[in-house]
Amino acid sequence: MSEEAEEIINLRSQITFLQNRVQELEEENAKFSSRLSSCRCDELQEKKPKEKCENLGEERGEMNSGCKKSGRKKATPKTPGYDTRIMNHHPRRYVALKVMYFGQRFYGFSLEAQMDPTVESEIFKALETTRLLIGDRKEIQYSRCGRTDKGVSAVGQVIALYLRSKLKDIDAHNKHSGETVPEEQDGQPEGEIDYVRVLNGVLPKDIRIVGWCPVPSDFSARFSCLSREYKYFFWNDNLNLLVMETAGKKLIGEHDFRNFCKMDAVKVHNYRRNVMSFEISPCDMRFEGHQLYAIKIKGSAFLWHQVRCMVAVLFMIGQGLESPEVIDALLDTRTLRKPQYLMAPEIPLVLLSCEFEGLKFSCSSDAGQALHVHLENECRLYHLQAAIFQEAL
């Protein structure tokens, strides 16, 4: 190998390292920003003059209405939204909601991202606006199936929580007397709030509720999930799809995927995950003679950025930069540490479905509108892919 070729390889390696370092610094910056936003220094400074005023009033015995203590409780500042505790006299029921969203403008799904907007923050705003919440987040037993990253979309995300109900006699199985849960899209249970229509009436257009289902009180959208399925869309730009699929099949089974994820040593101690299926298939979409394809991966659960890391390695294999055997080497964590490589972009990734035992979501008259929005969002996703492809050319 010539010196010039070696220099090019070294430069590419340095560029990859710097790009990863920039991404890490951006994540650290986001964490510091969230800590800064929760700082209460201003509140403490505001309280100090009041405390001095009260002390002076006591010493001088002055009847100053602004400083004098009284038996009345001080008024607490009003927070945006409404106090969910005043709704405690309403009946409630535990339900699962199926959520669809186009993730381009959101900083991920989770509210804990501390950066607005997130999908979850928009959902809770809608729940407050429609007065469907009863109690705080702990009391409503909120759970989510997955925490999709910034820019990632979903058509089958699932959350669970207690919501206000019109029905008073809900039994231990969270069903109204005589109620049967309908098959998906068969209709709305008689007498109950039309959660789909009500929430979609106030949610932004890039978030839709596509169905709901009563669930038992021990249900968890995260831990009761049997499997999650993702799709990653891409254009076939001289990729060897046959070799990519052969390499992708090596991912099936239970493995240690620490070399295919963003390491989180604080929260994650077990990196073993089970990939159930893998396939690459064409989509009904072409752009300037190029065919759109999708990688579909199904697993019991996934690590942070796992799907995007797997796709990135498969793209390198499809371009001929790596051989399929690199999958075996990366899965053998005894002999190899995680190499530096760029993750695949987030926009083409979609959480396709979350599987649960016995859940049958009911939809309302708004389901048709939600489906129409879903199709529009898919078209927007395809056009974004086309734009990415053109830019790469």
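If you're wondering where the values come from, they're calculated on a predicted model, not measured in any experiment. Because only heavy atoms are used, hydrogens play no part in the values below, and waters and symmetry mates are left out as well, while side chains stay in.
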Discussion item. With clusters defined by side-chain heavy atoms of hydrophobic residues (ILVMFWY) lying less than 4.5 Å apart, directly or transitively, does M276 cluster with Y271?
Written reply: no

Worksheet item: If you round to the nearest 0.5 Å, how far is CZ of R105 from CG of D206?
Response: 4.0 Å

Practice prompt. For G248 and L314, work out which heavy atoms get closest and say how close.
Written response: N-CD2, 3.7 Å

Item to complete: Report the C-alpha distance between L163 and Y195 in whole Å, list the side-chain angles of each, state the deciding distance to 0.1 Å, and finish with yes or no for side-chain contact (heavy atoms from CB on, under 4.5 Å).
Response: CA-CA 9 Å; L163 294 180; Y195 297 115; 3.9 Å; yes

Worksheet item: So do the side chains of T118 and F109 get within less than 4.5 Å of each other, counting heavy atoms only?
Response: no

Worksheet item: Which atom pair, heavy atoms only, marks the closest approach of R164 to T130?
Response: NH2-O, 3.2 Å

Worksheet item: Are F278 and L239 co-members of a hydrophobic cluster defined by side-chain heavy atoms under 4.5 Å apart?
Response: yes

Worksheet item: Pick from I123, L161, V158: which one makes a side-chain contact (heavy atoms from CB on, under 4.5 Å) with L97?
Response: L161

Practice prompt. Measure the CG-OG distance between D116 and S121 for me, rounded to the nearest 0.5 Å.
Written response: 4.5 Å

Worksheet item: Between W235 and F287, what is the ring plane arrangement, given parallel below 30°, perpendicular above 60°, and tilted in between?
Response: tilted

Practice prompt. Indicate yes or no: at least one non-hydrogen side-chain atom of L132 is less than 4.5 angstrom from one of L199.
Written response: yes

Worksheet item: Honestly, is R92 close enough over Y162, meaning NZ or CZ under 6.0 Å from the six-membered ring centre and within 45° of the axis?
Response: yes

Response to the item:
Hits for side chain to side chain contact (heavy atoms under 4.5 Å, CB included) against S277, two or more places apart or cross-chain, chain-then-number order -> K298

Discussion item. What I'd like to find out is whether the side chain of V350 reaches to under 4.5 Å of the side chain of F233, using heavy atoms alone.
Written reply: yes

Worksheet item: Any side-chain heavy atom of S220 within less than 4.5 Å of one from Q141?
Response: no

Worksheet item: Which value, rounded to the nearest 0.5 Å, describes the distance between R272 atom CZ and H255 atom NE2?
Response: 8.0 Å

Discussion item. Once side chain to side chain donor-acceptor pair (under 3.5 Å) is applied, do any residues pair with N240, and if so which ones, sequence neighbours excluded?
Written reply: none

Item to complete: Taking Q104 for its side chain and I347 for its backbone only, find out whether a donor-acceptor pair lies under 3.5 Å.
Response: no

Worksheet item: Would you say R147's side chain and R144's backbone share a donor-acceptor pair under 3.5 angstrom?
Response: no

Item to complete: Decide, yes or no, whether a salt bridge links D256 with R258 under the criterion of side-chain N to carboxylate O below 4.0 Å.
Response: yes

Worksheet, complete the sentence: OG (S227) and CZ (F302) are apart, to the nearest 0.5 Å, by 8.5 Å

Item to complete: Please check if the side chain of E120 supplies one atom and the backbone of L111 the other of a donor-acceptor pair under 3.5 Å.
Response: yes

Worksheet entry | Minimum side-chain heavy-atom gap L330-F260 below 4.5 Å | yes

Worksheet item: Any donor and acceptor pair, going by atom type alone, linking the side chain of N200 with main-chain N or O of I209 inside 3.5 Å?
Response: yes

Worksheet item: Is the side chain of R222 donor-acceptor paired with the backbone N or O of C145 at a distance under 3.5 Å, no angle test?
Response: no

Discussion item. Quick one, F257 and M310 - any side-chain contact, counting heavy atoms below 4.5 Å?
Written reply: yes

Worksheet item: Hey, are the side chains of E357 and L226 touching, using non-hydrogen atoms and a 4.5 Å cut-off?
Response: yes

Worksheet item: Hey, does the side chain of R208 reach the backbone of P204 with a donor-acceptor pair shorter than 3.5 angstrom?
Response: yes

Discussion item. Looking at S224 and F219, would you say the former's side chain and the latter's main chain have a donor-acceptor pair under 3.5 Å?
Written reply: no

Discussion item. Restricting to salt bridge (Lys or Arg N to Asp or Glu O under 4.0 Å), what partner residues turn up for K250, sequence neighbours left out?
Written reply: D328

Discussion item. Can you tell whether the side chains of K150 and E346 come within less than 4.0 Å, N to carboxylate O?
Written reply: no

Worksheet item: When rounded to the nearest 0.5 angstrom, what distance separates OG in S353 from NZ in K231?
Response: 10.0 Å

Worksheet item: Any side-chain heavy atom of V119 within less than 4.5 Å of one from Y107?
Response: no

Discussion item. Between R93 and E192, does any side-chain N to carboxylate O distance fall below 4.0 Å?
Written reply: yes

Worksheet item: Quick one: does Q319's side chain have a donor or acceptor within less than 3.5 Å of a partner on M316's backbone?
Response: no

Discussion item. Tell me whether V275 shares a hydrophobic cluster with M343, the cluster being built from Ile, Leu, Val, Met, Phe, Trp, Tyr side chains joined at under 4.5 Å.
Written reply: no

Item to complete: For residues I193 and K166, report the shortest heavy-atom separation together with the two atoms involved.
Response: CG1-CG, 3.6 Å

Worksheet item: Distance from F124 atom CZ to E122 atom CD, nearest 0.5 Å?
Response: 12.5 Å

